[in-house]
Amino acid sequence: DAVKGHLHPVTSVIREMSVIFDKMGFSVAQGPELETEFHNFDALNVPQDHPARDMQDTFWIKTKPGETKKVLRTHTSSVQVRCMESVAKDPVGPHAFKIVVPGKVYRNEATDATHEAQFHQFEGLYINKSVSMAELKGTLERFFQEFLGPETKIRFRSSYFGFVEPGVEVDVWWKNRWLEACGAGLVHPHVIKAAGLDPAVWK
């Protein structure tokens with residue numbers, strides 16, 4: 001008998017998540033895994049002296065003097081910056097948009113049961129002239145209820161991420177306990193400005 005192939009579990013989960021967000025008007029965006037320092041750090045409000053830039057956390061690519069510094073991207077958030085840049089340069093003018101960004105990312109980690117040098121992230125971005133934390137919570141609530149079941153509940157806990165303001169940790173009530181699921185927040189005005197949009201207009 002011929003051996004039948006099948007999708008990797010990670011691929012199946014990414015596809016399922018993408019379909020759920022597609023129903024809410026999000027499109028899938030992709031970006032380079034070899035990224036510039038600007039898109040990976042600077043535009044995302046990561047300070048020059050932040051430990052995340054150190055060699056022990058980031059795979060820096062050797063470049064010649066004067067060349068643009070590049071890294072293996074440490075998060076998929078660099079794609080958010082690239083999409084905002086594209087919208088900012090749209091000949092018709094900036095416009096609202098929704099994207100999800102699935103992809104591989106790289107950290108200079110010691111491999112163990114909970115850490116790996118290459119892993120997957122999945123994140124979303126919604127840019128409009130009016131965006132609220134209530135919309136964010138409603139979007140995530142609908143996602144998790146479709147993904148894990150209609151009785152699923154979520155909660156927000158205040159947290160800090162340099163590229164959002166305010167920032168929250170999102171917990172999911174699943175199998176009778178709170179499970180930390182993801183980080184979230186409203187895009188920081190500095191990030192919106194770095195991508196070429198006016199933070200006084202776009203949120």
Do [X] and [Y] sit in the same hydrophobic cluster, where Ile, Leu, Val, Met, Phe, Trp and Tyr count as joined when their side-chain heavy atoms come under 4.5 Å apart?
X	Y	answer
Val164	Met133	no
Ile192	Val201	yes
Tyr106	Ile14	no
Val101	Leu136	no
Val187	Phe26	no

Could you pull out the closest heavy-atom pair between [X] and [Y], with the gap in Å?
X	Y	result
Ala29	Pro102	O-CD, 3.9 Å
Gly124	Gln80	O-NE2, 3.6 Å
Cys83	Phe97	CB-CE1, 4.0 Å
Gly162	Tyr160	CA-OH, 3.5 Å
Val79	Gln30	CG1-O, 3.7 Å
Ala88	Ala195	CB-O, 3.8 Å

Problem - Cation over ring face, Lys70 and Trp60, 6.0 Å, 45° - result: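 No cation-pi geometry.
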Practice task
Quick one: which residue pairs count as a side-chain hydrogen bond (donor to acceptor under 3.5 Å, both in side chains) with a foot in residues 3-20, not counting sequence neighbours?
Solution key: none
So do the side chains of [X] and [Y] get within less than 4.5 Å of each other, counting heavy atoms only?
X	Y	result
Val13	Phe122	no
Lys129	Trp202	yes
Leu72	Ile61	yes
Val28	Phe21	no
Val87	Ile127	no
Leu186	Lys203	no
Val172	Ile154	yes
Glu165	His190	no

Practice task
Kindly assign one of parallel, tilted or perpendicular to the pair Phe163 and His75, based on the angle between their ring planes and the thresholds 30° and 60°.
Solution key: perpendicular
Distance in Å, [X] [atom1] paired with [Y] [atom2], rounded so as to fall on 0.5 Å steps:
X	Y	atom1	atom2	value
Thr36	Phe41	OG1	CZ	10.5 Å
Glu146	Met17	CD	CE	12.5 Å
Trp174	Phe147	CH2	CZ	9.0 Å
Arg107	Glu116	CZ	CD	12.5 Å
Ile99	Met84	CD1	CE	8.0 Å
Asn45	His188	CG	NE2	5.0 Å

Flag, side chain of [X] to backbone of [Y], donor-acceptor distance under 3.5 Å:
X	Y	value
Asn128	Val131	no
Arg73	Lys104	yes
Lys98	Met24	yes
Glu180	Glu169	no
Gln145	Arg142	no

Exercise for the section: Determine, stepwise, if the pair Gln48 / Asp42 fulfils side-chain contact (heavy atoms from CB on, under 4.5 Å). Expected result: CA-CA 8 Å; Gln48 287 286 335; Asp42 299 337; 3.4 Å; yes
Exercise for the section: Classify the side-chain pair Thr74/Asp57 by whether it contains a donor and acceptor separated by less than 3.5 Å. Expected result: no
Practice task
Consider only side-chain N and O atoms of His39 and Glu85, and report whether a donor and an acceptor are under 3.5 Å apart.
Solution key: yes
Exercise for the section: Might you work through the side-chain contact (heavy atoms from CB on, under 4.5 Å) test for Val170 and Phe156, ending with a clear yes or no? Expected result: CA-CA 5 Å; Val170 182; Phe156 280 2; 3.7 Å; yes
Exercise for the section: For atom CD of Glu151, decide whether the heavy atoms of other residues, nucleotides or ligands shown that lie under 6.0 angstrom number more than 12. Expected result: no
Exercise for the section: Check the pair Thr76, Val105 against side-chain contact (heavy atoms from CB on, under 4.5 Å), reporting the backbone distance first and the verdict last. Expected result: CA-CA 7 Å; Thr76 50; Val105 298; 3.7 Å; yes
